[in-house]
Amino acid sequence: RIKKLVDAATRPSVVSLDPKVLEEIKKILKATPRVIHETWLWLYQKLRVKHSQVRLLAFAILHELFMRSKAFRDLTCEALTSVLDLVVAPGTVPDAHRFRTALMAFKHRHKAHGSARTEAEG
């Protein structure tokens, strides 16, 4: 189910991330934590796709999950260099601008919160 949701959310024809699909992904991950690693790997594979819109949408999902899940933050930080290399791969100028905006949000979150964890995250 999670693979189908990620596939649907990251089709090249999709202009922006559907909040309902994102909510469904988050709901599944919260109910079934064992699929977190599988979901992360699937998003990572989407970052490897040549189409810049697919990469942008995959990064948007990854960013949302990164903000809410320690496990996602840990997985992303372990592969941060390769994730960033994939995210800033050559694309069109508007895509590059959107990627820079997304990366700045990622950087801001890290600067503001670093490796700080809430009590709920352990």
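Computed from a predicted model, the values in this text were never measured in an experiment.
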Check: Ile25 and Leu65 side chains under 4.5 Å, non-hydrogen atoms: yes

Side chain to side chain contact (heavy atoms under 4.5 Å, CB included) against Ala71, all qualifying residues, sequence neighbours excluded: Ile36, Ser69

Should the pair Arg11-Asp7 be classified as a salt bridge under the 4.0 Å nitrogen-to-oxygen rule? no

Arg68 vs Lys26 side-chain heavy atoms within contact, under 4.5 Å: yes

If I take atom CD from residue Glu64 and atom CZ from residue Phe72, how far apart are they, to the nearest 0.5 angstrom? 11.5 Å

Which value, rounded to the nearest 0.5 Å, describes the distance between Asp74 atom CG and His37 atom NE2? 11.0 Å

By the rule that ILVMFWY residues connect when side-chain heavy atoms come within less than 4.5 angstrom, directly or transitively, which residues belong alongside Val54? Val49

With sequence neighbours left out, what residues match Lys3 under side-chain hydrogen bond (donor to acceptor under 3.5 Å, both in side chains)? none

With sequence neighbours excluded, residues passing side chain to side chain contact (heavy atoms under 4.5 Å, CB included) with Ile28: Arg1, Ile2, Leu5, Glu24, Val35

For Lys46, does its backbone N or O pair with a side-chain atom of Arg55 as donor and acceptor, under 3.5 Å? no

Which atoms form the tightest heavy-atom contact between Leu47 and Phe59, and what is the distance? CD2-N, 3.8 Å

At their closest point, which heavy atom of Thr10 faces which heavy atom of Ala58, and how far apart are they? CG2-N, 3.7 Å

With Glu38, which residues qualify under side-chain hydrogen bond (donor to acceptor under 3.5 Å, both in side chains), at least two apart? none

When you compare the side chain of Arg48 with that of Gln45, does any pair of heavy atoms fall below 4.5 Å? yes

Please list every donor-acceptor pair under 3.5 Å in which a side-chain atom of residues 12-20 meets a protein atom from a residue at least two apart or in another chain.
unit_1 : atom_1 : unit_2 : atom_2 : d
Asp18  : OD1    : Lys20  : N      : 2.9

If only side-chain N and O atoms count, and only distance matters, is there a donor-acceptor pair under 3.5 Å linking Thr76 with Tyr44? no

Can you check side-chain contact (heavy atoms from CB on, under 4.5 Å) on Leu75 and Phe66, steps first, answer last? CA-CA 9 Å; Leu75 290 167; Phe66 178 93; over 6 Å; no

